[in-house]
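Following: one structure in structure tokens, then a few remarks.
Given the structure is predicted, the values throughout are model-derived calculations rather than measurements. Just so it is clear: chains get the letters A, B, ... in the order the sequence lines come, proteins before strands, and each one is counted from 1.
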There are 2 protein chains.
Amino acid sequence: MTNIKKIAKLAGVSVSTVSKALNGYEDIKEETKKKILEIAKEMDYVPNFMARGLITKSTKTVGVFFGDQTNSGFDSPFLVDYFSSIKNVLGEAGYDLLIFSNQKRDTSSYKSMCHEKGVDGVILILTGNKRTDEKIHELHEAFPTVYIDSLPQASMKVNFVESDNEAGAWDATEHLIKLGHRSILKIAGDTIAKGSFDRIEGFKKACQHYGLSAQDNWIQYGKYSREEAARLTKEIFSQETEFTAVFASSDLMAFGVIDALKELGKRVPEDVSVVGFDDIDSAQYFHPPLTTVHQKRLQMGETASKILIEIMQDNDGTIRHMKIPTKLIVRGSSAISKQ
Amino acid sequence: MTNIKKIAKLAGVSVSTVSKALNGYEDIKEETKKKILEIAKEMDYVPNFMARGLITKSTKTVGVFFGDQTNSGFDSPFLVDYFSSIKNVLGEAGYDLLIFSNQKRDTSSYKSMCHEKGVDGVILILTGNKRTDEKIHELHEAFPTVYIDSLPQASMKVNFVESDNEAGAWDATEHLIKLGHRSILKIAGDTIAKGSFDRIEGFKKACQHYGLSAQDNWIQYGKYSREEAARLTKEIFSQETEFTAVFASSDLMAFGVIDALKELGKRVPEDVSVVGFDDIDSAQYFHPPLTTVHQKRLQMGETASKILIEIMQDNDGTIRHMKIPTKLIVRGSSAISKQ
DNA sequence: CTGAAAGCGCTTACAG
DNA sequence: CTGAAAGCGCTTACAG
């Protein structure tokens, strides 16, 4: 491979001069510069980023973590959107993306992995991850870092981009109430993850605001699983008959709810309305098409990338927490209450 | 950050000795080794891969190209499967993944990008890409390389993993013929990409084998676009009434076909049967659920990764071309012909 | 405007 | 078994 030394020899100058010409320094004779650039081009020269990075401490590479080390992180249907927006925005700014997949490393600390490969910044998309690594704080102390979607610890003071989950849940709940539903079953995810928690809060607050007295049994936990949501729905609906609507904290759980209702001989939306959360691709193709809360995932990825670019250039220590608005998408799974 | 020098000082030995201890050399006193390893652990030492890579010419990183430089490459719904299987298999073998997203680089040659970042091998997933870069051959001459899904030039002699598109198209066509359909419209992609071409071949051969004399107008080109397929379908079905079945070369085009048939007041599958190709996620949720040819994308990604690992370790120059079998998935969009 | 020298953090013959 | 030295390909003060 061509290197700076060969170019120097061919141009009859020193390596220092070649380096300066290649890096656009001003204090160099136009003629010399031109000659060097020509030779470099002719020889298909590309700088070795490892050698350069060793000195400049910059590799023009951003590390990306999906999920945790044990699973591939591609169980979440959003990842594609996050990923492609990150790829576009960071790519335009001149960065490549490093996906930490190596399972054989000695270290499992995010910070160490980043040091190992010398990334300039980090984006973490730990969707639905309950990892509570003690050392997680070391990472954002050492590298410009942005979290998307969820936080491993709710109290962390870090750059963070999420959907406005509470407002989204409020909208969904309000939608059902305005259709006349007075007793609504909430199939929630869990109470640990911030996003899950906020969706429950939005539901509770909307119920309260509109004078619905939510009972304890109104909120059930479906673990973000289609099967578990179906099981729960069957259990509840065989005991209780009051519910005319279900608000699930994810589309996948909403699918499970509809599976169960169909099995029980209930029609959606004629007998029971169902609303989801996320607006995954399949939501529009489901039968009936699912009313749900759309998350602007591309915008989340873009926002996170822009923040990262800013702090990689000049980290002033300001911590940014962005809530991206959601959008209620009304489709065929919700209708006016018969009662 | 801790480096080998600090450890050497603390352990009271030379950097050479530390390097040997860290890299598991045998010719070192057990006691010395133990001491060095202890100190390294205590100091959270991680090797600097840039410095190491500069000498060993290995970074334990595999470069991945999606689509081409202009689009994000995430338009294809398969990419998630390819990507997650690559991530798993290469991760287990000790590799991280580098996604080339940087748009600001001086070079646009794959080979140069790989040199720049010093990857150990490359996987290319140029789905639906018609790029015919003259220099494309330089890449696999310089780096261990595997292509997945499609080839930029059909005649390239490179490691390549694809679906058995011809056999898949044969199966789909045979399925329709066995349901009694005697005149079948083929909505194809294009004739350039190998996969597209093979799907047309499979269709033609199955028709021939079962004694259907396919006319020229049986094959139309829908450019892998839902809208274009819908437009074509409307055009054809308003002129011709003979067709009782449509075989589209992608699920997305099959969706377009069904869109158009619905608009024309035709029922699927009662009036017209429709079969797709790919088995994207939405296929099962579509209304009616789509009969289609499933591509084993996870297996394709795994196979490609394993080949790459082999040739990164020992490139004997053998070129591998793997065809992964497809699987016909019969759902609700195909039925016995009325005629 | 140009070049010699030091050094980034590591590995690898080689000498002892 | 251990260490001094050279070098991977580059950048950065510094001297001239």
Side-chain angles (χ1 to χ4, degrees), chain A residues 1-37 39-40 43-61 105-107 112-120, chain B residues 1-37 39-40 43-61 105-107 112-120:
Chain A
M1 211 47 203
T2 308
N3 57 29
I4 219 175
K5 219 168 161 181
K6 287 188 198 163
I7 297 178
K9 186 170 278 180
L10 280 173
V13 296
S14 75
V15 289
S16 330
T17 306
V18 174
S19 175
K20 279 188 182 162
L22 256 22
N23 288 299
Y25 279 69
E26 292 298 319
D27 57 344
I28 188 166
K29 211 202 289 174
E30 195 54 43
E31 200 188 317
T32 320
K33 188 174 180 175
K34 205 173 157 191
K35 189 172 177 187
I36 291 171
L37 257 30
I39 295 177
M43 300 194 65
D44 267 332
Y45 171 78
V46 283
N48 180 323
F49 267 69
M50 286 180 279
R52 178 181 284 176
L54 212 48
I55 299 170
T56 62
K57 305 294 174 205
S58 162
T59 50
K60 285 287 171 187
T61 305
R105 34 172 58 92
D106 298 329
T107 176
S112 297
M113 296 188 215
C114 289
H115 264 122
E116 211 180 66
K117 292 289 176 100
V119 299
D120 294 353
Chain B
M1 211 46 203
T2 309
N3 57 28
I4 217 174
K5 218 167 161 181
K6 287 189 199 161
I7 297 178
K9 186 170 278 179
L10 279 175
V13 296
S14 75
V15 289
S16 332
T17 306
V18 174
S19 175
K20 279 187 182 164
L22 256 22
N23 287 299
Y25 278 68
E26 291 298 318
D27 58 343
I28 188 168
K29 211 203 288 172
E30 195 54 45
E31 201 188 318
T32 320
K33 187 175 182 175
K34 205 172 157 190
K35 190 172 177 187
I36 292 172
L37 258 31
I39 296 176
M43 301 194 66
D44 267 330
Y45 171 78
V46 284
N48 180 323
F49 267 69
M50 287 181 279
R52 178 181 284 177
L54 212 48
I55 299 170
T56 63
K57 305 295 173 202
S58 163
T59 50
K60 285 286 171 186
T61 304
R105 32 170 60 90
D106 299 328
T107 176
S112 297
M113 297 188 214
C114 289
H115 264 122
E116 212 181 65
K117 291 289 173 99
V119 299
D120 293 353

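One distance of note links CZ of R52(A) with CD of E116(B); it measures 8.0 Å at 0.5 Å rounding. Atom OG1 in T17(B) sits 12.5 Å away from atom CD1 in I7(B) (nearest 0.5 Å). In this structure, NZ on K6(B) lies 5.5 Å from CG on N3(B), to the nearest 0.5 angstrom.
In this entry dC14(C) has dG3(D) as its Watson-Crick or G-U wobble partner, both defining distances falling under 3.5 Å.
Inter-residue side-chain proximity for D44(A) and T2(A) is flagged as unmet; no heavy-atom pair is nearer than 4.5 Å.
In this structure, CG of D27(A) is placed 9 Å from C1' of dT2(C), rounded to the nearest angstrom. Regarding K35(A), its NZ atom lies at a distance of 16 Å from the P atom of dC1(C), rounded to whole Å.
Proximity of S14(B) to the phosphate of dG3(D): a side-chain N or O atom is located under 4.0 Å from OP1 or OP2. Between T17(B) and the phosphate of dT2(D), there is no side-chain N or O to OP1/OP2 separation shorter than 4.0 Å. At least one side-chain nitrogen or oxygen of T32(B) sits closer than 4.0 Å to the OP1 or OP2 atom of dT2(D).
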* To do: Please test K117(A) against T61(B) for side chain to side chain donor-acceptor pair (under 3.5 Å), starting from the C-alpha separation and ending with a verdict.
  => CA-CA 9 Å; K117(A) 292 289 176 100; T61(B) 304; 2.8 Å; yes
* Could you run down nucleotides 8-16 of chain D 5' to 3' and tag each one B, S or - for protein heavy-atom contact under 4.0 Å? -> BBBBB-B--
